[in-house]
Amino acid sequence: MSFDITKLTRSGLARFKPAAGGAGEDWWLIVLGAVIGSFTGLCAIGFARALHLVEHGILAREESGTSWLLIAAPVVGMTLSGILIRLFAPEAKGHGVPQVMKALIKNKGVIKWPVGATKVVA
């Protein structure tokens, strides 16, 4: 059995060619995807750096003899997350995957903005 990559590439790229009239009607989706993806990546980097700062702060305090922060920091974080969810979006509790599946099946993919925003902050 032989496999010709050139045929696959040519046929695969043919479906991405724009219409004869210009750059295609949905070019803005690509731009929007690039902007959202870039913003999400920058937020992920910022989140990781914030976690490292907190980690180094807690470890520095542990070396000075205040090891209670190793237990207090996660407890405070969980408490604040619980308060945020209870006050602003009670339906946001639990894991995100089942909620997304429910939204796709029952709500045509619509998730209320307070739920999404509260999940991100919490």
Side-chain angles (χ1 to χ4, degrees):
M1 175 184 254
S2 66
F3 183 75
D4 187 6
I5 189 75
T6 57
K7 287 182 183 177
L8 179 66
T9 305
R10 284 189 206 125
S11 66
L13 291 176
R15 62 186 171 157
F16 292 109
K17 288 184 181 176
E25 297 175 10
D26 296 330
W27 62 269
W28 61 274
L29 288 174
I30 296 171
V31 173
L32 182 63
V35 169
I36 291 172
S38 299
F39 178 72
T40 303
L42 290 173
C43 288
I45 291 170
F47 183 68
R49 289 199 177 173
L51 286 178
H52 287 297
L53 285 173
V54 170
E55 177 186 13
H56 290 303
I58 290 173
L59 291 178
R61 293 199 186 266
E62 180 190 3
E63 291 172 1
S64 67
T66 55
S67 60
W68 59 271
L69 279 174
L70 287 173
I71 295 174
V75 170
V76 168
M78 289 185 291
T79 304
L80 290 175
S81 294
I83 291 171
L84 279 173
I85 289 173
R86 184 148 191 138
L87 290 177
F88 296 109
E91 62 272 14
K93 63 183 178 182
H95 296 288
V97 174
Q99 290 174 335
V100 171
M101 297 291 286
K102 180 181 174 185
L104 286 173
I105 294 169
K106 292 187 176 183
N107 300 337
K108 297 181 182 176
V110 176
I111 298 175
K112 295 177 185 175
W113 74 266
V115 174
T118 304
K119 283 277 212 186
V120 168
V121 173

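Sequence positions, counted from 1, serve as the residue numbers for this chain.
Under a 4.5 Å side-chain heavy-atom cut-off, the cluster of Ile, Leu, Val, Met, Phe, Trp and Tyr residues that includes Ile30 has no other member. Within the hydrophobic cluster formed by Ile, Leu, Val, Met, Phe, Trp and Tyr side chains joined at under 4.5 Å, directly or through other members, Phe88 is accompanied by Ile83, Leu84, Leu87, Val121.
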May I have the list of side-chain donor-acceptor pairs in residues 69-80 shorter than 3.5 Å, sequence neighbours left out?
{"residue": "Thr79", "atom": "OG1", "partner": "Val75", "partner atom": "O", "Å": "2.8"}

Could you tabulate the donor-acceptor pairs under 3.5 Å formed by side-chain atoms of residues 47-60, not counting sequence neighbours?
none

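Scanning all heavy atoms of the two residues, the minimum distance from Ala89 to Pro114 falls at CB-O, 3.8 Å.
The side-chain contact (heavy atoms from CB on, under 4.5 Å) search around Leu42 returns none, not counting sequence neighbours. Remark: Trp113 pairs with Ala117 by the side-chain contact (heavy atoms from CB on, under 4.5 Å) rule, at least two apart or across chains.
Distance check: Ile36 CD1 to Leu29 CG gives 9.5 Å after rounding to the nearest 0.5 Å.
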